[in-house]
Engineer: 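Got a structure for you, written out below as structure tokens; questions coming shortly.
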Amino acid sequence: MTSNLMIQSAKALFAMGAAASLVACASFQPDPPEQAVAKRAQGYWDARLKGDAEKTRSYMNEAFRMAVDDKRFAKNYMATFAVGAEVKKVTCEPEKCEAGVNLKVNPPIPGRKMGTIDMYSTQTWLLEDGRWNLYQAP
């Protein structure tokens with residue numbers, strides 16, 4: 001009777017371990033491309049709107065980062081009239097995604113104060129070494 005109880009206990013422990021392993025494996029699965037790009041695109045805009053040039057630049061494709069140093073990036077690429085951004089739609093191919101972003105923009109029209117207007121922008125994101133990066137020509 002004792003050995004039968006030990007066998008049942010061992011089976012129960014094995015089943016719990018197997019279930020825990022499945023849950024752990026499932027939690028480490030990468031996001032589908034559309035979700036991964038949506039998160040990165042939102043992160044890019046959040047960093048840019050906060051004025052964090054270093055973080056914003058980290059979302060760019062490798063060729064761009066190699067060609068444009070931190071100082072030049074901060075000086076020439078951070079300016080924006082956007083005051084808000086929300087990723088709305090992402091469509092993907094195997095190594096390329098298009099992210100549609102709704103932007104809230106204060107247009108710089110001399111002599112007119114229009115307030116905030118909505119604009120829609122599409123960005124191209126490329127899969128590079130397992131990470132989605134915003135494509136920008138250097």
Side-chain angles (χ1 to χ4, degrees):
M1 186 96 169
T2 304
S3 65
N4 193 22
L5 184 59
M6 287 175 59
I7 291 172
Q8 287 178 346
S9 295
K11 285 181 181 177
L13 284 173
F14 177 77
M16 287 190 303
S21 293
L22 286 174
V23 169
C25 286
S27 67
F28 292 116
Q29 294 296 323
D31 288 335
E34 292 80 5
Q35 277 186 320
V37 170
K39 286 179 186 177
R40 289 201 36 90
Q42 191 63 56
Y44 165 83
W45 277 105
D46 291 347
R48 188 168 177 191
L49 293 173
K50 288 178 185 170
D52 187 339
E54 183 179 341
K55 188 168 186 174
T56 302
R57 186 175 172 274
S58 75
Y59 288 97
M60 308 306 286
N61 58 304
E62 185 176 346
F64 180 85
R65 287 192 314 268
M66 289 175 63
V68 179
D69 65 27
D70 291 340
K71 194 173 188 177
R72 184 171 154 218
F73 180 79
K75 181 180 177 185
N76 297 333
Y77 292 90
M78 285 298 292
T80 181
F81 297 107
V83 295
E86 182 181 3
V87 177
K88 285 302 205 178
K89 181 180 180 181
V90 178
T91 56
C92 294
E93 298 172 13
E95 294 185 6
K96 176 183 174 184
C97 293
E98 298 293 327
V101 182
N102 279 349
L103 298 171
K104 300 284 185 193
V105 178
N106 285 332
I109 300 173
R112 293 198 52 163
K113 199 167 199 175
M114 295 181 57
T116 303
I117 61 170
D118 292 330
M119 291 183 65
Y120 191 78
S121 174
T122 304
Q123 301 172 321
T124 300
W125 290 76
L126 303 176
L127 186 61
E128 297 179 318
D129 296 325
R131 187 172 90 167
W132 291 98
N133 292 318
L134 177 60
Y135 173 75
Q136 175 72 46

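Only a predicted model underlies this, so the values are computations on that prediction, with no experimental measurement involved.
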Engineer: Judged by atom type as modelled, is there a donor-acceptor pair below 3.5 Å linking the side chain of R40 to the main-chain atoms of N133?
Structural biologist: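 Judged by distance alone, no pair lies under 3.5 Å.
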Engineer: Say you draw a straight line from OG1 of T91 to NZ of K96; how long is it, rounded to the nearest 0.5 Å?
Structural biologist: 9.5 Å
Engineer: Minimum heavy-atom separation for M114 and P107, please, with both atom names.
Structural biologist: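 What the structure gives for the nearest pair is SD-CG, 4.1 Å.
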Engineer: Give a yes or no on whether F81 and I117 share a hydrophobic cluster (residues Ile, Leu, Val, Met, Phe, Trp, Tyr; joining criterion: side-chain heavy atoms under 4.5 Å apart).
Structural biologist: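 Yes, F81 connects to I117 through the hydrophobic network.
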Engineer: With hydrophobic residues grouped by side-chain heavy-atom distances under 4.5 Å, do V68 and W125 end up in a single group?
Structural biologist: yes
Engineer: Could you give me the CA-CA distance, side-chain angles and deciding distance for L134 and F64, then say whether side chain to side chain contact (heavy atoms under 4.5 Å, CB included) is met?
Structural biologist: CA-CA 9 Å; L134 177 60; F64 180 85; over 6 Å; no
Engineer: If we ignore hydrogens and angles and just use 3.5 Å, is the side chain of E128 paired with the main-chain N or O of E62 as donor and acceptor?
Structural biologist: yes
Engineer: Assigning hydrophobic clusters by single linkage (Ile, Leu, Val, Met, Phe, Trp, Tyr; side-chain heavy-atom cutoff under 4.5 Å), is M78 placed with Y135?
Structural biologist: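 Shared cluster, no.
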Engineer: With a 4.5 Å cut-off on side-chain heavy atoms, are D118 and Y120 touching?
Structural biologist: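 Side-chain contact under 4.5 Å: no.
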Engineer: Look at the side chain of N61 and the backbone N and O of Q136, then say whether any donor-acceptor pair between them is shorter than 3.5 Å.
Structural biologist: yes
Engineer: So which heavy atom on A41 is nearest to which on V87, and how close?
Structural biologist: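 Result for this residue pair: CB-CG2, 3.6 Å.
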Engineer: Under the rule for side-chain contact (heavy atoms from CB on, under 4.5 Å), what residues qualify as partners of E34, not counting sequence neighbours?
Structural biologist: P32, V90, C92
Engineer: Tell me whether Q123 contacts the main-chain N or O of C97 through its side chain, where contact means a donor paired with an acceptor under 3.5 Å.
Structural biologist: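 Absent.
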Engineer: In Å and rounded to the nearest 0.5 Å, what is the CG to OH distance from L49 to Y44?
Structural biologist: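 Reported value, rounded in 0.5 Å steps: 9.0 Å.
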Engineer: Might you point out which heavy atoms bring P94 and W132 nearest each other, and give the distance in Å?
Structural biologist: O-CH2, 3.9 Å
Engineer: Minimum heavy-atom separation for T124 and E98, please, with both atom names.
Structural biologist: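 Closest approach of T124 to E98: OG1-OE2, 3.0 Å.
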Engineer: Would M66 end up clustered with L127 when hydrophobic side chains under 4.5 Å apart are linked, directly or stepwise?
Structural biologist: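 Different clusters.
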Engineer: Just do the side chain to side chain contact (heavy atoms under 4.5 Å, CB included) check on R48 and Y59 with the steps written out, would you?
Structural biologist: CA-CA 10 Å; R48 188 168 177 191; Y59 288 97; over 6 Å; no
Engineer: Got K88 and V101 here, is their nearest side-chain heavy-atom distance under 4.5 Å?
Structural biologist: no
Engineer: Answer with yes or no whether the hydrophobic clustering places Y77 together with M60; edges join I, L, V, M, F, W, Y residues whose side-chain heavy atoms lie under 4.5 Å apart.
Structural biologist: yes
